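What you see is a predicted model; the values in this text were computed from it and never measured. Letters A, B, ... are given to chains in the order of the sequence lines, protein chains preceding strands, and every chain is numbered from 1.
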There are 2 protein chains.
Amino acid sequence: MKQTRKEEIVIVAAKLFKERGYSAVSMRDIAQQMDIKAASLYNHIKGKQEILSTLILHVARAFTNSTQQITSENSSPLTRLKKLIAVHIDITFHNPDAIAALNNDWMHLDGQDLLDFIAMRDQYEENFRSIIKQGIQKQQIRAKEPEVILFSILSTLRTLYLWNEKRGKLEVDVLKQELVAVLISGIV
Amino acid sequence: MKQTRKEEIVIVAAKLFKERGYSAVSMRDIAQQMDIKAASLYNHIKGKQEILSTLILHVARAFTNSTQQITSENSSPLTRLKKLIAVHIDITFHNPDAIAALNNDWMHLDGQDLLDFIAMRDQYEENFRSIIKQGIQKQQIRAKEPEVILFSILSTLRTLYLWNEKRGKLEVDVLKQELVAVLISGIV
DNA sequence: TAGTTTAACTAACAATCGTTAGTTTTGTAA
DNA sequence: TTACAAAACTAACGATTGTTAGTTAAACTA
């Protein structure tokens with residue numbers, strides 16, 4: 001799996017975007033990190049925008065595809081919810097830098113890329129919502145405020161990327177198990 | 001409660017920072033939003049950095065003071081945890097824009113301001129951690145992985161500011177009750 | 001080896017950045 | 001009305017921004 005020069009640029013840029021944000025990282029910063037000059041970047045990419053959209057839309061599609069597929073399974077709502085959490089952990093720990101950009105810099109996308117992102121994001125959220133509502137209907141999930149439940153789960157999953165270094169020795173499989181337990185059964 | 005011109009600038013800037021991030025907002029953007037020229041801002045503030053540090057350190061102190069006070073109460077760990085969640089909701093819905101800056105732009109603080117912020121943030125997190133550990137010790141909280149519990153709660157609370165418009169008709173008191181239930185008792 | 005592509009380079013551009021200096025207008029108090 | 005302070009203005013600065021043009025060196029292909 002050798003990566004192209006463009007892929008290298010995107011990876012290096014993602015690290016910098018994660019630390020400082022898209023707007024605070026210059027093309028010269030990215031170039032310096034690769035030991036070349038800024039102008040040389042343009043042999044491989046169209047511009048700064050292309051780095052951002054490559055980064056974000058790629059991982060956004062991964063999320064949308066996974067959640068869409070799990071949502072349309074016919075297992076029980078709670079089972080699907082657990083799978084959603086697990087797949088979130090997998091994708092996150094595989095692309096933590098890209099997800100940082102997705103979370104923090106999506107608003108700097110342009111034109112059609114921005115529209116595509118928002119559409120995917122809405123669909124993704126709607127998938128979660130529908131599973132929770134089905135869970136309430138089948139009395140697998142407490143009926144109180146579905147939006148509060150949705151918000152709490154999405155917040156935790158969205159922030160997972162920050163936990164990549166800190167999680168330390170905790171194995172991914174253990175984390176999946178524990179996070180499912182905490183989010184679904186609570187902490188008491 | 002009339003506000004000074006400096007306070008107006010900070011409030012206007014906070015809104016823009018929330019939408020686009022600190023680095024993507026220029027002094028000319030802030031000035032335009034106030035119907036004045038960029039140079040006029042400097043009659044009231046030292047520079048862009050001062051806007052950011054005023055914004056962030058003020059609300060960071062509010063968090064640190066509240067959590068510190070609640071942590072050192074001698075009520076039960078679970079009671080203190082519930083209070084922490086409630087006070088978080090209060091502070092958040094009172095300064096959603098400042099909290100956006102705190103979450104997303106703290107790394108653009110300079111010098112001593114950055115050090116102060118990090119110190120407050122670490123202390124704040126440590127307060128949460130100590131309460132959770134005490135709760136486990138007194139068998140009020142499930143003993144599995146305290147760091148996962150901590151992470152899940154902090155993630156949800158940190159992201160609350162995004163929920164300010166969307167929460168809609170949901171009253172603050174109802175939200176407190178519901179969020180405490182979801183975070184502590186789970187959703188099943 | 002000759003020809004061609006890939007990927008680096010230098011130099012520069014127009015635009016925008018935060019900020020300063022000096023000046024003029026506005027509002028308030030005597 | 002005059003005097004003063006507060007707050008706006010114009011004009012400009014040096015630095016940095018993303019990007020382009022044109023050129024050169026290295027690496028594959030015939």
Original post:
Roughly how many Å is it from OH in B:Tyr42 to P in D:dC9, rounded to a whole number?
Top reply: 15 Å
Between the protein and nucleotides 9-11 of chain C, which nitrogen or oxygen pairs come in under 3.5 angstrom?
from  : atom 1 : to      : atom 2 : distance (Å)
C:dC9 : OP2    : A:Lys37 : N      : 2.5
C:dC9 : OP2    : A:Ser40 : OG     : 2.9

**OP:** Please say whether the positively charged group of B:Lys48, taken as NZ for Lys or CZ for Arg, lies over the ring of B:Tyr22, i.e. under 6.0 angstrom from the six-membered ring centre and within 45 degrees of the axis.
**Re:** yes
Original post:
Would A:Ser40 and A:Asn43 count as having a side-chain donor-acceptor pair, cut-off 3.5 Å?
Top reply: no
Original post:
Can you tell me if the side-chain N/O atoms of A:Arg5 get under 4.0 Å from OP1 or OP2 in C:dA8?
Top reply: yes
Original post:
C:dG18 C1' sits how many Å from B:Asp110 CG, rounded?
Top reply: 13 Å
Subject >> A:Tyr124 and A:His88 aromatic centres sub-6.0 Å >> reply: yes
**OP:** To the nearest Å, give me how far apart CD (B:Gln32) and P (C:dT16) are.
**Re:** 12 Å
Subject >> Derivation of the salt bridge (charged side-chain N to carboxylate O under 4.0 Å, His left out) call for B:Arg121 and B:Glu125 >> reply: CA-CA 6 Å; B:Arg121 183 201 229 215; B:Glu125 190 174 310; 5.7 Å; no
Subject >> Separation of D:dT16 P from B:Lys48 NZ (nearest whole Å) >> reply: 15 Å
**OP:** Using a cut-off of strictly less than 4.0 Å, decide whether A:His44 has a side-chain nitrogen or oxygen near OP1 or OP2 of C:dA8.
**Re:** yes
Original post:
For B:Gln3 and D:dA7, what is the distance between atoms CD and P respectively, to the nearest whole Å?
Top reply: 13 Å
Subject >> Donor-acceptor contact present, side-chain B:Asn65 to main-chain B:Arg61, <3.5 Å >> reply: yes
**OP:** To the nearest Å, give me how far apart CD1 (A:Ile30) and C1' (D:dT19) are.
**Re:** 13 Å
**OP:** Mind calculating the distance between CE (B:Met27) and P (D:dC9) to the nearest angstrom?
**Re:** 14 Å
Subject >> Interatomic distance where CG belongs to A:Asp29 and C1' belongs to D:dT16 [whole Å] >> reply: 11 Å
Original post:
Going by atom types alone, do A:Ser155 and A:Ser152 pair a side-chain donor with an acceptor below 3.5 Å?
Top reply: no
